[in-house]
Amino acid sequence: AETVANALDSGATSVRLHTDPAAGTFTVADDGKGMSRRSLSNYHDLAVTTKQRGRGIGFAGVGIKLGLLLSHEVVTETRTPRTRTSLATSWRLASRTRAPWRWIEPPGLLDGAGTMVRLYLSNPLSPLTDRGFVEAALLRHFETLFHGDFDEILSESYPSGVRFFVNGPEVPRTAPTPGRVRIEVRIGRQRKPSGVGFLRRDPDLADEERGVAISTMGKVIGRGWDWLGIVPTVHDVSGLVEVPALAAALTLNKADFIRSGPRGATFLAYRKALQEAVAMQLESWGDSPADGRRPRRARSLERDLQSVLSDLAGNYPLLATLVERTRGGQRRLPLGGDPSPAGVAPGAIAGLAVPDTDSAPSADAPAGEGAPAPTGGQDIGAAAETGAESESDAGREAALPDPPLPGTRGRKAPQRLGLRVRFGSRPDDPALGWLVESTVWVNEAHPAFGRAAASRSEGYHVALSVAMALAAVAVEPARAREFVGAFLARWGEVGRPGRRKT
């Protein structure tokens, strides 16, 4: 996956992969722009890259260096369009701290500009010598590049498209499957979607196919329901969504998205739009969290929460993402402009589910009004996963300004925060509650909820559940305890006699 990602970032229009079980080699060759002598020399230095975040899949300077762990030798040959001769190096891992390389005579495997990487595998039985495994890995990691549904949105990244070949023959594109429902994500009032995808139902889905896959610039980053924060009661739903703009929010290992700072705000905004689009479609199929219980006591609690959110929004700006959703797929979201609380420019994201047809998307898609822009926050536990990145990791790449958040300029809108509370049951989930769009779901199946109900302390339990769910988007993990304490303190003050409720 790393080698193919490097080929895509080089502007390749064809990527050829070759497996040779007899020789124990795995080769990837592309027709991209190649590397100069200086670039090829830097190519062997860990965490050194000339790429810019958001303009490609690779940017961390790791790439083929992972191949050293699988090989006793890595041979690289490259040629730029301006040169007539190729350059080549041999590279190996001598110890845990040394990876020497040397210039070698080019093997002559390139016919023109591009780069060829050959791994001499340490394990002769490696699955990388199996053509079927390699082809399946291509389809799994770069699925949107094999679907015609995504050609238009990927045309800016790959104007001439990309073709893949394994041991000679071209890998065929995926045939359209019946019963798909198209999903579109639009920014502001733009006619062109910023993200597209589809959902489908199939009773014969394998376990690894269930849930929604999220892709950026052709690379699938995550699959399932966990990243989306939705757990349907049915298990026959799968989907695929491509959002090229999320390349700017990738972590260093490209296995997740940054969830703090401006990049994290962008990811959370897109996720909320996708949550709504997916939830609306699940509801049309008869499976929606909208059926959750909302006792009368929740109404009073929601009013208290509105006061708490308003009080805390100044110190925790990402709480501004918790705006009320209106029916019909329209919602106000805080995007764009100056991220400071004092100067914001409103924008909008709208998630839509539409029938899957060959016609162009409607230009009359609804778009919501703006709200103040978020500035920070990270899901609890995100940084603990392998390769997850915080803002301090930016030193490992070239110093670049933060990408502007999507949005439109306009008149400042007053901040109006809202949150809904619902009750659902997840017997196998250890969480007290979870956040979907602008709704916090309290887990009634949690043992602590049963004890709270028996002791008539449900109100405090719900407030704690809401605080812990919001901490995932309001602050970084290190500040989660601080946020929960501040939230409960404000919640306690709202409930005191004589305090005016807003």
Side-chain angles (χ1 to χ4, degrees), residues 1-18 25-71 73-94 97-120 142 157-160 162 164 216-219 247-248 250-254 389 393-401 403:
E2 289 283 352
T3 311
V4 172
N6 285 343
L8 295 176
D9 290 343
S10 72
T13 59
S14 69
V15 181
R16 300 181 181 274
L17 301 92
H18 187 78
T25 61
F26 171 69
T27 307
V28 178
D30 64 65
D31 61 352
K33 61 184 179 182
M35 290 181 282
S36 65
R37 186 179 185 89
R38 182 174 183 178
S39 297
L40 181 57
S41 178
N42 293 335
Y43 156 89
H44 301 88
D45 295 332
L46 186 64
V48 173
T49 180
T50 59
K51 302 175 184 178
Q52 294 185 8
R53 182 191 290 272
R55 297 185 181 179
I57 308 170
F59 56 84
V62 179
I64 190 54
K65 301 170 182 66
L66 297 175
L68 291 171
L69 303 177
L70 307 174
S71 316
E73 184 183 14
V74 175
V75 172
T76 305
E77 181 179 1
T78 186
R79 185 194 303 180
T80 65
R82 298 180 180 181
T83 58
R84 297 182 180 180
T85 59
S86 300
L87 300 171
T89 63
S90 173
W91 197 13
R92 65 186 179 90
L93 189 64
T97 57
R98 293 182 62 249
W101 64 275
R102 60 188 176 87
W103 298 101
I104 64 173
E105 188 69 21
L109 299 177
L110 287 176
D111 295 330
T115 300
M116 182 279 303
V117 175
R118 172 166 291 178
L119 306 183
Y120 290 85
F142 301 94
S157 303
Y158 311 111
S160 302
V162 185
F164 294 90
T216 181
M217 298 190 73
K219 174 70 173 68
L250 282 175
T251 56
L252 291 179
N253 70 339
K254 296 184 282 293
E389 180 189 25
D393 294 319
R396 299 182 60 181
E397 58 175 306
L400 296 171

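Values reported hereafter were calculated over all heavy atoms of this structure, with side chains retained and with hydrogens, waters and symmetry mates removed. Numbering starts at 1 and runs along the sequence shown.
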Peer 1: Is the backbone N or O of Gly114 less than 3.5 Å from a side-chain atom of Asp31, with the two atoms forming a donor-acceptor pair by type?
Peer 2: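 No; zero donor-acceptor contacts below 3.5 Å.
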Peer 1: Working to the nearest 0.5 angstrom, can you tell me the gap between Met116 CE and Leu110 CG?
Peer 2: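 CG of Leu110 is found 6.0 Å from CE of Met116.
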Peer 1: What residue pairs, at least two apart or across chains, pass side-chain hydrogen bond (donor to acceptor under 3.5 Å, both in side chains) with a residue in residues 105-116?
Peer 2: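 Listed by first then second residue: Thr78-Thr115.
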Peer 1: Could you go step by step and tell me if Thr76 and Trp91 meet the side chain to side chain contact (heavy atoms under 4.5 Å, CB included) rule?
Peer 2: CA-CA 8 Å; Thr76 305; Trp91 197 13; 5.6 Å; no
Peer 1: Using the side chain to side chain contact (heavy atoms under 4.5 Å, CB included) rule, take Val75 and Ile104 through it: C-alpha gap first, then chi angles, then the decisive distance, then the call.
Peer 2: CA-CA 9 Å; Val75 172; Ile104 64 173; 3.9 Å; yes
Peer 1: Taking atom OG of Ser10 and atom NZ of Lys33, what is their separation to the nearest 0.5 Å?
Peer 2: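 NZ of Lys33 is found 7.5 Å from OG of Ser10.
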Peer 1: Output yes when a side-chain donor or acceptor of Tyr120 lies under 3.5 Å from a complementary backbone atom of Phe26, and no otherwise.
Peer 2: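 No.
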Peer 1: Indicate the atoms forming the closest heavy-atom contact of Leu66 with Glu2, along with that distance.
Peer 2: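 Looking at all heavy atoms of both residues, the shortest contact is CD1-CG, 3.7 Å.
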Peer 1: Check whether any side-chain N or O of Asp30 sits under 3.5 Å from a backbone N or O of Val15 as a donor-acceptor pair, and report yes or no.
Peer 2: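 Not a single qualifying donor-acceptor pair exists.
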Peer 1: Going from NZ on Lys219 to CZ on Phe142, what distance comes out if it is rounded to the nearest 0.5 angstrom?
Peer 2: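 One finds 6.0 Å between NZ of Lys219 and CZ of Phe142.
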Peer 1: Kindly confirm or rule out a cation-pi arrangement of Arg37 over Trp103, judged by NZ or CZ under 6.0 Å from the six-membered ring centre and within 45° of its axis?
Peer 2: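 Arg37 over Trp103 ring: yes.
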Peer 1: To the nearest 0.5 Å, tell me how far Met217 CE sits from Leu250 CG.
Peer 2: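 The distance works out to 9.5 Å.
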Peer 1: According to side-chain contact (heavy atoms from CB on, under 4.5 Å), who are the partners of His18, at least two apart in sequence or on a separate chain?
Peer 2: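 If we apply the side-chain contact (heavy atoms from CB on, under 4.5 Å) test to His18, skipping adjacent residues, the hits are Asp20, Thr27, Asn167.
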Peer 1: Got a list of side-chain donor-acceptor pairs under 3.5 Å for residues 81-89, not counting sequence neighbours?
Peer 2:
unit_1: Thr83; atom_1: OG1; unit_2: Thr80; atom_2: N; d: 3.4
unit_1: Thr83; atom_1: OG1; unit_2: Thr80; atom_2: O; d: 3.2
unit_1: Thr83; atom_1: OG1; unit_2: Thr80; atom_2: OG1; d: 3.1
unit_1: Ser86; atom_1: OG; unit_2: Glu77; atom_2: OE2; d: 3.4
unit_1: Ser86; atom_1: OG; unit_2: Arg79; atom_2: NE; d: 3.2
unit_1: Ser86; atom_1: OG; unit_2: Arg79; atom_2: NH2; d: 3.4
unit_1: Thr89; atom_1: OG1; unit_2: His44; atom_2: NE2; d: 2.9

Peer 1: Would you check if the side chain of Ser36 reaches a backbone N or O of Ser39 as a donor-acceptor pair within less than 3.5 Å?
Peer 2: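 Checked: pair present.
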